[in-house]
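Keep in mind that what you see is a predicted model, and the values were worked out from it rather than measured. We number each residue from 1, following the sequence as shown.
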Amino acid sequence: MQNQKLSLPIMGCGTWAWGNRLLWGYDPSMDAQLQEVFNLCVSNGVTLFDTGDSYGTGKLNGRSETLLGKFSQEYSGINQESICIATKLAAYPWRLTRQSMVNAGKASAKRLGRNIDLVQMHWSTANYFPWQEWALLDGLADLYEQGLVKGVGLSNYGSKRLKKVHQNFADRGVTITSLQVQYSLLSTYPITELGLKDVCDELGIKLIAYSPLALGLLTGKYSEKTALPKGIRRLAFSQILPGIQPLLSCLKEMAENRNKTMSQIALNWCICKGTIPIPGAKSVEQAKDNLGALGWQLDANEVAELDKAAASTDKKMVQNIFQTK
């Protein structure tokens, strides 16, 4: 049963940082600015907001969903009807039954103050606890069958596993709307190695690219000479930056030629590859920068040049440990 009510935009907005103190330095004083980010995105056609029930550190767990629910209810204006809130339900070790996923979906909906538009399995347990997975996937499909969500998606799945789940869901008359994977110029593995784009096209699934700016490495804000970000990202950046200079130079030159920013080039590349990038934004400036990736397109030569620079890069982003084949 193909669901017609869910239409996804060219680009979305990731909200991992909304509530995350550890990696992104979130503070509740940022909430007014985050609401402005939300409003700006929606009014410019970026109507997909990706969150997760595990987002938010410590006591702030679930904060991202709560904020999105509040912002979406307070927003009125252009594209209001197109707002699509996608949340990911975590495959926690204590979630063992299909009902545990239905309950998780209901808890997310309560935080959002509205039904989930797109519910997603946050990761596959195939790599470490394969028997847990099918009950959780059945729970996702139950949420759809019970009319509690408009669509079902997956996250961090590879081609082989995706085909199995697709068949299982098809037998129940449930369509997979989307699959999201870590994808950027520094993380081409899901498409180049796993062939996910072809499989998604064949099955009618939209491919969503998370971390399209590689946690900020592709923005041009950081170099070996500038101050690196605080916290966990500092270590990763110090290890990766020296090996990606040719790619960053290529991005910089293209950005100057195009009168765009490096982020906009990197995001537009994702769009040219047929994916829906979901860059995060903590400030209005970042949101405006992301929006500048829309309304134009890199040509085939530029895409090829970026592909070549990405392929010859010494360092890549580490793949998500939950990514399956």
Side-chain angles (χ1 to χ4, degrees), residues 1-15 42 45-53 65 68 72 79 81-91 98 101-102 104-106 108-109 112 114-124 133-134 136-183 190-191 194 196-210 212 270-271 273-278 322-324:
M1 112 180 102
Q2 180 65 46
N3 200 308
Q4 298 299 330
K5 290 185 285 187
L6 210 56
S7 68
L8 300 180
I10 294 168
M11 186 169 78
C13 178
T15 64
V42 176
V46 174
T47 49
L48 169 67
F49 293 87
D50 182 74
T51 183
D53 68 349
E65 289 181 329
L68 273 174
S72 64
N79 301 325
E81 300 304 311
S82 304
I83 292 172
C84 176
I85 295 184
T87 200
K88 298 182 292 297
L89 303 181
R98 60 201 293 173
M101 281 305 252
V102 173
K106 287 178 175 174
S108 285
L112 289 166
R114 53 172 277 168
N115 274 3
I116 301 164
D117 295 308
L118 177 62
V119 72
Q120 305 157 98
M121 179 85 157
H122 203 151
W123 64 83
S124 165
E133 184 171 42
W134 289 108
L136 303 188
L137 288 166
D138 281 339
L140 272 197
D142 290 344
L143 283 164
Y144 179 80
E145 284 181 349
Q146 291 171 26
L148 298 172
V149 301
K150 290 182 188 173
V152 175
L154 302 172
S155 180
N156 299 307
Y157 276 67
S159 303
K160 287 181 191 166
R161 203 77 190 156
L162 174 62
K163 285 177 181 172
K164 282 184 184 163
V165 180
H166 181 268
Q167 188 55 58
N168 179 281
F169 277 14
D171 292 344
R172 288 184 65 175
V174 176
T175 305
I176 297 174
T177 299
S178 62
L179 166 67
Q180 62 167 287
V181 289
Q182 178 182 314
Y183 184 65
I191 289 181
L194 300 179
L196 267 174
K197 183 68 176 70
D198 293 340
V199 176
C200 284
D201 287 350
E202 183 193 321
L203 301 177
I205 296 169
K206 297 270 194 190
L207 195 57
I208 296 172
Y210 75 76
C270 288
I271 294 166
K273 291 290 180 180
T275 69
I276 301 170
I278 48 168
F322 297 121
Q323 175 68 48
T324 60

* Structure fact -> Shortest non-hydrogen pair, Thr47 vs Ser82, comes out as CB-O, 3.4 Å
* Which atom of Tyr183 lies closest to which atom of Cys270, heavy atoms considered -> O-SG, 4.1 Å
* Asked: Does the side chain of Leu148 come within less than 4.5 Å of Ile116's, by heavy atoms?
  -> no
* Residue list, salt bridge (charged side-chain N to carboxylate O under 4.0 Å, His left out) with Asp201, at least two apart or on another chain -> Lys197
* Structure fact -> Exactly one of Ile176, Ile208, Thr324 clears side chain to side chain contact (heavy atoms under 4.5 Å, CB included) with Leu154, and that residue is Ile176
* Among all residues two or more places apart in sequence or in another chain, which pass the side-chain contact (heavy atoms from CB on, under 4.5 Å) test with Lys160? -> none
* Among all residues two or more places apart in sequence or in another chain, which pass the side-chain contact (heavy atoms from CB on, under 4.5 Å) test with Ser159? -> Leu194, Leu196, Val199
Only counting residues at least two apart or in another chain, list the ones meeting side chain to side chain donor-acceptor pair (under 3.5 Å) with [X].
{"X": "Asp142", "result": "Arg98, Arg172"}
{"X": "Lys273", "result": "Asp307"}
{"X": "Tyr210", "result": "Asn156, Asn320"}

* Value rounded to 0.5 Å, distance of OG in Ser155 from CG in Asp50 -> 7.5 Å
* Structure fact -> To the nearest 0.5 Å, atom CD of Gln120 lies from atom OG1 of Thr87 at 7.5 Å
* Where the side chain of Asp117 meets the backbone of Lys150, is there a donor-acceptor pair that is under 3.5 Å apart? -> no
Could you list the donor-acceptor pairs under 3.5 angstrom formed between side-chain atoms of residues 161-170 and any protein atom two or more places apart in sequence or on another chain?
unit_1	atom_1	unit_2	atom_2	d
Arg161	NE	Glu133	OE1	2.8
Arg161	NH2	Glu133	OE1	2.4
Gln167	NE2	Asp171	OD1	3.0

